[in-house]
Enquirer: 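Attaching a single structure in structure tokens format; questions to follow.
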2 protein chains.
Amino acid sequence: MGNTNENTELKIIEAARKVFILKGMDGARMQEIADEAGINKALLHYYFRSKTKLFDRVFLELFSEVVAVINAEVEKASTLEQLIESLVSNYIQLISEKPFVPDFVLHELNRNPEMIIEYIQHKGLDLNKVFRLFQDETLNHVTYPISPVHLIVDVLALCVFPFVAKPIIKGFMLEDDELKYKKFIAERVSHVTGFIKSTLFINPQQS
Amino acid sequence: MGNTNENTELKIIEAARKVFILKGMDGARMQEIADEAGINKALLHYYFRSKTKLFDRVFLELFSEVVAVINAEVEKASTLEQLIESLVSNYIQLISEKPFVPDFVLHELNRNPEMIIEYIQHKGLDLNKVFRLFQDETLNHVTYPISPVHLIVDVLALCVFPFVAKPIIKGFMLEDDELKYKKFIAERVSHVTGFIKSTLFINPQQS
DNA sequence: ATTTGTTTTAACTATATGGTTAAATCATGT
DNA sequence: ACATGATTTAACCATATAGTTAAAACAAAT
């Protein structure tokens with residue numbers, strides 16, 4: 001009996017991921033996914049009974065990856081400064097490789113916010129450690145007292161927005177020049193890190 | 001002869017705006033727009049020949065409004081600090097009233113980045129004045145030298161992202177509590193203003 | 001060689017959707 | 001009363017789309 005099935009499932013998932021990310025749930029077509037996977041619609045439905053099931057699978061995998069990266073960084077870090085440095089650097093790096101993922105995830109989440117509730121039971125963000133780091137360092141006068149939630153949102157915003165808003169940034173501020181945009185993104189890691197550290201730390205260290 | 005036509009056109013535009021913002025171009029249905037406007041499909045196509053034409057009209061109007069608000073703030077301002085304060089405050093205020101506009105605009109722009117080129121010829125962002133303010137104040141040691149483009153992106157990111165990422169912020173960081181999210185947004189103006197000013201100005205003034 | 005599960009082929013269904021059409025109705029200004 | 005343009009009704013068209021089905025072809029394990 002053929003055991004190529006794991007291969008095929010993978011091919012389908014990869015194709016679906018590509019098409020869904022590019023077109024979104026509403027814009028994606030099952031035929032296009034089948035084509036991209038190099039199979040036919042019948043087989044596609046043989047593996048995944050419906051578009052929704054396939055989408056859910058793809059979305060959950062992508063979203064989990066994003067969350068996992070953040071959680072891994074948080075776990076590794078032993079100081080706030082270290083956390084911010086490695087988070088900013090690795091997160092921007094990650095998104096650079098899949099620049100359309102953030103818009104996809106955010107848009108689909110806005111289209112159907114209930115998806116996040118399903119996910120939370122699955123596995124959520126691990127923020128307690130961040131809160132703890134904050135408390136410690138604030139007490140020791142390493143950081144100014146600041147709302148942890150706001151700071152986390154700030155970090156994510158500064159990292160993610162430049163990718164989601166690429167057309168505006170490139171078109172309006174960088175003469176629609178792809179190279180200038182690339183350069184801009186390359187500068188981002190050090191800019192964001194510096195930006196946040198200068199606000200946060202009482203004696204900002206240069207790294 | 002009936003001159004209710006201007007009224008009807010308005011009703012259609014408003015309905016289309018609502019549906020497009022909520023569902024996006026791909027998710028929106030002409031029938032739903034007709035229903036929302038309280039008319040029938042035939043009349044809808046009598047006014048706007050195609051979905052694309054209607055979408056373009058709606059999108060351009062929305063996008064223009066966003067740009068116009070920013071440009072107006074830039075024109076009014078005479079110092080960087082003033083600009084940042086009024087921009088952050090008014091921009092967050094504006095988005096609060098139409099919280100789904102940013103995701104809509106960003107997503108449609110990513111779906112079809114060529115739209116921005118069309119728009120640029122129409123009317124673009126007026127950044128020269130920002131650059132000038134920067135230069136002056138950097139020379140006078142009011143602000144640290146910093147890339148203006150990065151700063152503009154920072155301001156937009158810090159203002160816009162909390163709305164685009166509402167499901168994540170609310171679901172993951174605020175116990176999925178709408179009230180806590182509302183409170184979080186209310187805190188944003190002063191948080192963002194303070195955040196940026198502490199990075200930017202050599203002797204940050206309290207306002 | 002037979003069995004078993006995979007994959008293709010290709011036709012098909014049901015429905016949704018953007019868009020059209022023609023005739024009828026309605027409101028309003030002349 | 002008539003003309004004109006707005007609006008409705010309702011049927012219609014063409015196409016796209018998710019999903020199904022049944023039979024055949026294929027590949028590999030027994």
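Labels below follow one simple rule: chain letters A, B, ... track the order of the sequence lines, proteins then strands, and each chain is numbered from 1. Computation of the quantities below employed the complete heavy-atom set of this structure, encompassing side-chain atoms and omitting hydrogens, waters and symmetry-equivalent molecules.
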Enquirer: Checking the side chain of A/K129 only, and the main-chain atoms of A/E75 only, is there a donor and an acceptor separated by less than 3.5 Å?
Expert: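 Yes; judged by distance alone, with no hydrogens or angles, the pair exists.
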Enquirer: Rounding to a whole Å, what distance do you find between A/L10:CG and C/dT7:P?
Expert: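 Taking atom P of C/dT7 as the reference, CG of A/L10 is at 12 Å.
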Enquirer: Using distance alone, with no hydrogens and no angle criterion, decide if B/D35 and B/Q31 have a side-chain donor and acceptor under 3.5 Å apart.
Expert: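 B/D35 vs B/Q31: donor-acceptor pair found between side chains.
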Enquirer: Any idea which heavy atoms bring B/Y91 and B/C159 closest together, and the distance?
Expert: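 Distance-wise, the nearest heavy atoms are CD2-CB, 4.1 Å.
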Enquirer: May I have the distance from A/Y46 (atom OH) to C/dT7 (atom C1'), rounded to whole angstrom?
Expert: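 Roughly 9 Å, once rounded to whole Å.
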Enquirer: Show your reasoning for whether ring-ring contact (aromatic ring centres under 6.0 Å, His included) applies to A/F100 and A/F104.
Expert: CA-CA 6 Å; A/F100 294 114; A/F104 169 69; over 10 Å; no
Enquirer: Take atom NZ of B/K11 as the centre, draw a 6.0 Å sphere, and report whether it contains more than 12 heavy atoms from other residues, nucleotides or ligands.
Expert: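 Atom NZ in B/K11 is packed in, count exceeds 12.
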Enquirer: Give a yes or no on whether the ring-centroid distance for A/Y119 and A/F63 is below 6.0 angstrom.
Expert: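 When the ring centroids of A/Y119 and A/F63 are compared, they turn out to be within the sub-6.0 Å range.
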Enquirer: Treating A/K170 as the side-chain partner and A/L179 as the backbone partner, does any N or O pair qualify as donor plus acceptor under 3.5 Å?
Expert: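 Side chain of A/K170 to backbone of A/L179: no pair is present.
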Enquirer: Would you check if B/I70 and B/L156 make a side-chain contact, meaning some heavy-atom pair closer than 4.5 Å?
Expert: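 Touching, per the 4.5 Å side-chain cut-off.
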Enquirer: Distances for protein N/O vs nucleotides 21-24 of chain C N/O pairs under 3.5 angstrom?
Expert:
none

Enquirer: Counting only side-chain N and O atoms of A/T8, is one of them less than 4.0 Å from OP1 or OP2 of C/dT6?
Expert: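 No.
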Enquirer: Do any side-chain nitrogens or oxygens of A/Y47 fall under 4.0 Å of OP1 or OP2 in C/dT7?
Expert: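 For A/Y47, the contact criterion (side-chain N or O under 4.0 Å from OP1 or OP2 of C/dT7) is met.
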Enquirer: Can you check whether A/N40 has a side-chain N or O nearer than 4.0 Å to OP1 or OP2 of C/dT8?
Expert: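 Checking A/N40 against C/dT8: at least one side-chain N or O falls below 4.0 Å of OP1 or OP2.
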Enquirer: Let's see if you get this right: which residues in residues 24-37 of chain A place a heavy atom under 4.0 Å from DNA chain D?
Expert: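 Contacts with DNA chain D under 4.0 Å: A/A28, A/R29, A/M30.
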Enquirer: For B/Y181, give me all partners under ring-ring contact (aromatic ring centres under 6.0 Å, His included), at least two apart in sequence or on another chain.
Expert: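 Per chain and number, B/Y181 pairs via ring-ring contact (aromatic ring centres under 6.0 Å, His included) with no residue.
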Enquirer: Please pick, from C/dG18, D/dT9, D/dT7, the nucleotide with the shortest atom-to-atom distance to any side-chain atom of B/H45.
Expert: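 So the side chain of B/H45 is nearest to C/dG18.
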Enquirer: Mind calculating the distance between CZ (B/R49) and P (C/dG19) to the nearest angstrom?
Expert: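 Checked: the CZ to P distance equals 12 Å.
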Enquirer: Can you list, in residue-number order, the parts of residues 50-58 of chain A that come under 4.0 Å of DNA chain D, counting heavy atoms only?
Expert: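 Of all residues in residues 50-58 of chain A, the ones placing a heavy atom under 4.0 Å from DNA chain D are A/S50, A/K51.
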Enquirer: Round to a whole Å and report the spacing from CG of A/L43 to C1' of D/dT20.
Expert: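 In whole Å, D/dT20 C1' and A/L43 CG are 14 Å from each other.
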Enquirer: So, B/H107 versus A/N110: side-chain donor-acceptor pair below 3.5 Å or not?
Expert: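 No.
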Enquirer: State whether B/F55 and B/R111 meet the cation-pi test: NZ (Lys) or CZ (Arg) under 6.0 Å from the six-membered ring centroid, and within 45° of the perpendicular axis.
Expert: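 Pair B/R111/B/F55 counts as cation-pi.
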Enquirer: Could you list the residues that satisfy ring-ring contact (aromatic ring centres under 6.0 Å, His included) with A/F184, not counting sequence neighbours?
Expert: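 Only B/H150 meet the ring-ring contact (aromatic ring centres under 6.0 Å, His included) criterion with A/F184.
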Enquirer: Using the 3.5 Å cut-off, write out each protein N or O paired with an N or O of nucleotides 11-14 of chain C and the distance between them.
Expert:
none

Enquirer: D/dA6 P sits how many Å from B/F48 CZ, rounded?
Expert: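 Answer to the nearest Å: 13 Å.
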Enquirer: Check whether the side chains of B/S86 and B/E73 place a donor and an acceptor atom closer than 3.5 Å, and report yes or no.
Expert: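 B/E73 and B/S86 do have a side-chain donor-acceptor pair below 3.5 Å.
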Enquirer: Starting from C1' on C/dT6, measure out to CD1 on A/I12 and report it in whole angstrom.
Expert: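 Distance, rounded to whole Å: 11 Å.
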Enquirer: Are there more than 12 heavy atoms of other residues, nucleotides or ligands under 6.0 Å from atom CD of A/Q135?
Expert: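 Incorrect, the count does not exceed 12.
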